[in-house]
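Input: a single structure, listed below in structure tokens.
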Protein chains: 2
Amino acid sequence: MDVARITIAPSTAFQVHDWLRKRVQQGDLPPGMRISETEVAAAIGISRQPVREAFIRLASDGLAEVRPQRGTYISKISVAAVLSARFIREAVEADLARIVAQTRPAEMLDRMADEIALQTAADQTGNVNDFIESDDRFHRLLALAAGQEAVWADLDRLKAQMNRLRHLSMRAFDRGFIIGQHQQILDALRKGDANASETAMRTHLRQMLTEVPQMAAAQPDYFTD
Amino acid sequence: MDVARITIAPSTAFQVHDWLRKRVQQGDLPPGMRISETEVAAAIGISRQPVREAFIRLASDGLAEVRPQRGTYISKISVAAVLSARFIREAVEADLARIVAQTRPAEMLDRMADEIALQTAADQTGNVNDFIESDDRFHRLLALAAGQEAVWADLDRLKAQMNRLRHLSMRAFDRGFIIGQHQQILDALRKGDANASETAMRTHLRQMLTEVPQMAAAQPDYFTD
DNA sequence: ACGTCTTTACTTGTATGGAAGTATGGCATA
DNA sequence: TATGCCATACTTCCATACAAGTAAAGACGT
């Protein structure tokens, strides 16, 4: 018997939080939107308490702001937070790239190549969600290849704000360019060239430095800072 | 009138969370300890609801685990999480050091020197909390000097698990050694030697790689993974 | 027309009771 | 002695009622 599959039904509050979190990240609930404990509770058909606790978790994620006696609002995308997460990603993934370039685990590199193929397919069909998910897996595989899976989990939390921005920007920016950069990273890794791998990764992640101001200028209502 | 000083009384739940968080980080509430909504509420003299919400926030911080219908427990220190945070710190602060070595903002470097003096004083009087707080400010000043204050805020969240470990290890390990490393970092920054600054920082933060296994072996009940 | 006060309809925060689930000790039984 | 059942005392979870605060619309006097 597979004991690992024994699960218990998650609490209502947990499910509500999960639901809201996904909707915020996908841009379904836009930045600045007001949400109400009463309304959400009524819409789902439960009491306020679980919804309230979901709001608290959402606030801990940095995705909502609870203003006492005033209301709860979906957080605007903090430009400072996005740039901070980007800075951290560049530093960390540069180190990861150096490590992987030195070890070159064949299976992981092959799986990264598979993701690039998936990204190409998603680009042609125009499926933004598939593209973003594959993009995430590509970078996650790098952490796995470096034997630092836990690091990716931490980065994923930091990326919360960045993810929302991506769902906006992916429609506007050139996905083919991103795929090319991924290929350059993988090529450098395969050669075992640590310096080239690090440079390619830093170049790739610095792309965002130009995109973020453009996005913020295009939709100022969604951003802060 | 100083409008910045206008504050409203924080909610009970917020205060309880703050209180619990500090106690966990200082090791007052040891890893694995069981805490109860009813008990804490009775001890403070309030109802269970605010305490419950404080527990939820504490769980979001990774400092507690709520097991439905079983109880709430102070999280054990995850060795994997500590090592992950350490890895991220090394990568990020190495980049920060390179930046600061190139710009050399005089005022910030002076303030870092002040912190080293405070650490020396705290070492002599044996005040562990003062030492840790000054240590944090030293590294935070590095981020400020690099113009990346938001980065430190993110690192601070990641450090949650690491902080608890430090309150254990600071009593056991050589603080004088740490001070010497801080001095080496500052010296390299003052010289404007980016490579030496990065190396000194990486060496400093790799110290933990030997300390963590020792701590985990000494008190296995407090750790997991 | 304008400013001020009051009413009213919201919001989140807290208290409390009970529901559902879990762990433990006692006790009868083999 | 060992085993299975069960009462009991917990735990967290959810629903509900009320308290406290905010904000905006409207009445009213100037």
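Protein chains get the first letters and strands the later ones, always in sequence-line order, with residue 1 at the start of each. Side chains are part of it too, since the values below use all heavy atoms of this structure and drop only hydrogens, waters and symmetry mates.
- Listed nucleotides: C/dT12, D/dA15, D/dC13. Nearest to the side chain of A/P50: D/dA15.
- A residue-by-residue look at A/Q49 and A/R70 shows that A/R70 has its nearest nucleotide of DNA chain C further toward the 5' end.
- Among all heavy-atom pairs drawn from A/F223 and A/M215, the shortest one is CE1-O, 3.6 Å.
- Rounded to an integer number of Å, the gap from CZ of A/R52 to P of D/dA17 is 17 Å.
- Contact check on A/D136 versus A/K159 returns a salt bridge, with a Lys/Arg side-chain nitrogen under 4.0 Å from an Asp/Glu carboxylate oxygen.
- We find that CD of B/E37 is positioned 14 Å from C1' of C/dG17, with the value rounded to whole Å.
- Of the charged side-chain nitrogens involved, at least one lies within less than 4.0 Å of a carboxylate oxygen, so that B/D95 and A/R202 count as a salt-bridged pair.
- For C/dA15, neither phosphate oxygen OP1 nor OP2 lies less than 4.0 angstrom from any side-chain nitrogen or oxygen of B/R48.
- When the side-chain nitrogen and oxygen atoms of B/S11 are compared with OP1 and OP2 of C/dG13, none of them lie within a distance under 4.0 Å.
- Residue A/R67 places no side-chain N or O under 4.0 Å from the OP1 or OP2 atom of D/dT22.
- We find the CD1-CZ distance between A/I56 and B/R57 to be 5.0 Å, quoted to the nearest 0.5 Å.
- Within the 4.0 Å cut-off from OP1 or OP2 of C/dT14, not a single side-chain nitrogen or oxygen of B/S47 is found.
- Closest to the side chain of B/T12, out of D/dT11, C/dT11, C/dT14, is C/dT14.
- The side chain of B/T72 places an N or O atom within less than 4.0 Å of a non-bridging phosphate oxygen (OP1 or OP2) of D/dT12.
- A donor-acceptor contact under 3.5 Å is formed by the side chain of A/Q69 with the base of C/dT12.
- If you check every strand for non-hydrogen atoms under 4.0 Å, B/I56 touches nothing.
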